[in-house]
Amino acid sequence: MTSDNDRRRGLLARLRERPAARSRGRRRLGAAVRLLAALTLAGGAYTLFAPGAQAQDAPPMSSAAAEGKALFDVSCVTCHGRNAQGVEGRGPSLIGVGAASVEFQVGSGRMPLARQEAQAHRKPPLFTDEQTRQLAQYVQELGGGPELPEGTNLHSDGDIATGGELFRINCSQCHAFGAGGGALSSGKFAPSLRPASDRQIYAAMLSGPQNMPVFGDNQLRPEQKADIIAYIQETLKHDQDPGGFNLGRYGPSTEGLAIFLVGIVALVFASLWIAGKS
């Protein structure tokens, strides 16, 4: 009798536990469904609103930069890649080089390159001054970097005497004392400064093309750059040779060779004359 009562109680307990278990299962399932719905809603909201937020964070390009991008996509993208991030084996990234580098390379005709060589040669520019500025503005707004001051005459306030001293200290080792240029290692060379404009010289100092070191504002202040440009434009580009024939302004090498040849010839004739007299 007792065992029958126990069995009845156990059966009743199990019957009570089953609805409770099913209730807990429904609650867990409901929580999982609600969580999944919340995640789906959050993901949809992010997909809907995030691109708009990113687009608002990115500043719009200026009209000059937009024109420069159109030129870039036609003439530069093959070597420097889309968004100027570079193409391995063809051209470096332009992110961070700044407008100064573009103005020097494009304004002097060195870019676009005709072929891969040890050094880019100066040639007639492919783009006009306005197009060069547009390309430079596009690269500047894309990645930042050194910029040139406004205007084409950047040496009007320069001191020629100070510029000559700075040129002899910082520039003459490569470009020679007469700014005619000179040979460097591995087939490279320091070019002549005679065809360079104020903006190209200033840009070269800011960007340091090829083997040239960078002369930022910490190395040469803007007024010192103006002094150097004034010395180059007002003194070295004028054929002022008070000492006579300049021998190409290549420095002591040609002068030593000329003295040696003239001296040897003079000594030979003097020896012959003495021998004839004796």
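One-based numbering along the sequence shown. Heavy-atom basis, side chains included; hydrogens, waters and symmetry copies ignored. No experiment lies behind these values; they were computed from the predicted model shown.
Nearest heavy atoms, Phe167 versus Phe177: CE2-O, 3.9 Å. Scanning all heavy atoms of the two residues, the minimum distance from Gln119 to His121 falls at O-CD2, 3.3 Å. For the pair Pro195 and Gln200, the tightest heavy-atom approach, listed with the atom from each and the gap, is O-OE1, 4.1 Å. In terms of heavy atoms, Gln233 sits closest to Ser197 at NE2-C, 3.7 Å. Taking both residues in full, the closest heavy atoms of Ala179 and Leu236 are given as CB-CD1, 3.5 Å, listed atom of the first, atom of the second, then distance. Looking at every heavy atom in both residues, Cys174 comes nearest to Ala190 through O-CB, 3.2 Å.
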Can you give me every donor-acceptor pair (side chain of residues 159-166, partner residue at least two apart or in another chain, under 3.5 Å) with its distance?
residue: Asp159; atom: OD2; partner: Ala161; partner atom: N; Å: 3.4
residue: Asp159; atom: OD2; partner: Thr162; partner atom: N; Å: 2.7
residue: Asp159; atom: OD2; partner: Thr162; partner atom: OG1; Å: 2.7

What side-chain donor-acceptor pairs closer than 3.5 Å can you find for residues 61-68, not counting sequence neighbours?
residue: Ser62; atom: OG; partner: Ala65; partner atom: N; Å: 3.3
residue: Ser62; atom: OG; partner: Glu141; partner atom: OE2; Å: 2.6

Using a 3.5 Å cut-off and no angle test, enumerate the donor-acceptor pairs between side-chain atoms of residues 145-154 and protein atoms at least two apart in sequence or in another chain.
residue: Asn153; atom: OD1; partner: His155; partner atom: N; Å: 3.1
residue: Asn153; atom: OD1; partner: His155; partner atom: ND1; Å: 3.2
residue: Asn153; atom: OD1; partner: Ser156; partner atom: N; Å: 3.3

In a table with atom names and distances, give each donor-acceptor pair under 3.5 Å that connects a side chain of residues 74-97 to protein atoms at least two apart or in another chain.
residue: His80; atom: ND1; partner: Pro92; partner atom: O; Å: 2.9
residue: Arg90; atom: NH1; partner: Thr78; partner atom: O; Å: 3.2
residue: Ser93; atom: OG; partner: Ala84; partner atom: O; Å: 3.4
residue: Ser93; atom: OG; partner: Ile95; partner atom: N; Å: 3.2

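For Arg133, the side chain to side chain donor-acceptor pair (under 3.5 Å) test picks out no residue, with sequence neighbours left out. Under the salt bridge (Lys or Arg N to Asp or Glu O under 4.0 Å) criterion, Asp73 pairs with Lys69, sequence neighbours left out. Residues passing the side chain to side chain contact (heavy atoms under 4.5 Å, CB included) test with Asp157, sequence neighbours excluded: none. Evaluation of the side chain to side chain contact (heavy atoms under 4.5 Å, CB included) rule for Val262 yields no partner, not counting sequence neighbours. Listed by chain and number, the residues in a side chain to side chain contact (heavy atoms under 4.5 Å, CB included) with Asn211 are Leu184, Lys188 (sequence neighbours excluded).
Cluster note: Phe269 groups with Val265 through ILVMFWY side-chain heavy atoms spaced under 4.5 Å, whether in direct contact or through intervening members. Residue Phe189 shares its hydrophobic cluster (ILVMFWY side chains chained together at separations under 4.5 Å) with no other residue. Taking a 4.5 Å side-chain heavy-atom cut-off between Ile, Leu, Val, Met, Phe, Trp and Tyr, the cluster of Val214 contains only that residue.
Side-chain atoms of Glu234 never come within 3.5 Å of backbone atoms of Tyr231 as a donor-acceptor pair (strictly under, hydrogens ignored). Listed for the Gln219 side chain is a donor-acceptor partner under 3.5 Å among the backbone atoms of Gly216. Of the possible polar contacts, one joining the Lys123 side chain to the Gly109 backbone as a donor-acceptor pair under 3.5 Å is found. Put simply, the side chain of Glu117 never gets that close to the backbone of Leu113: no donor and acceptor are under 3.5 Å apart. Here the side chain of Gln140 pairs a donor or acceptor atom with the backbone of Ala99 at under 3.5 angstrom.
Between Arg221 and Phe215 there is no side-chain heavy-atom pair separated by less than 4.5 Å.
The closest side-chain donor-acceptor pair between Arg110 and Gln210, if any, does not fall under 3.5 angstrom.
In this structure, CG in Leu206 is found 10.5 Å from CZ in Arg199, a value given to the nearest 0.5 Å.
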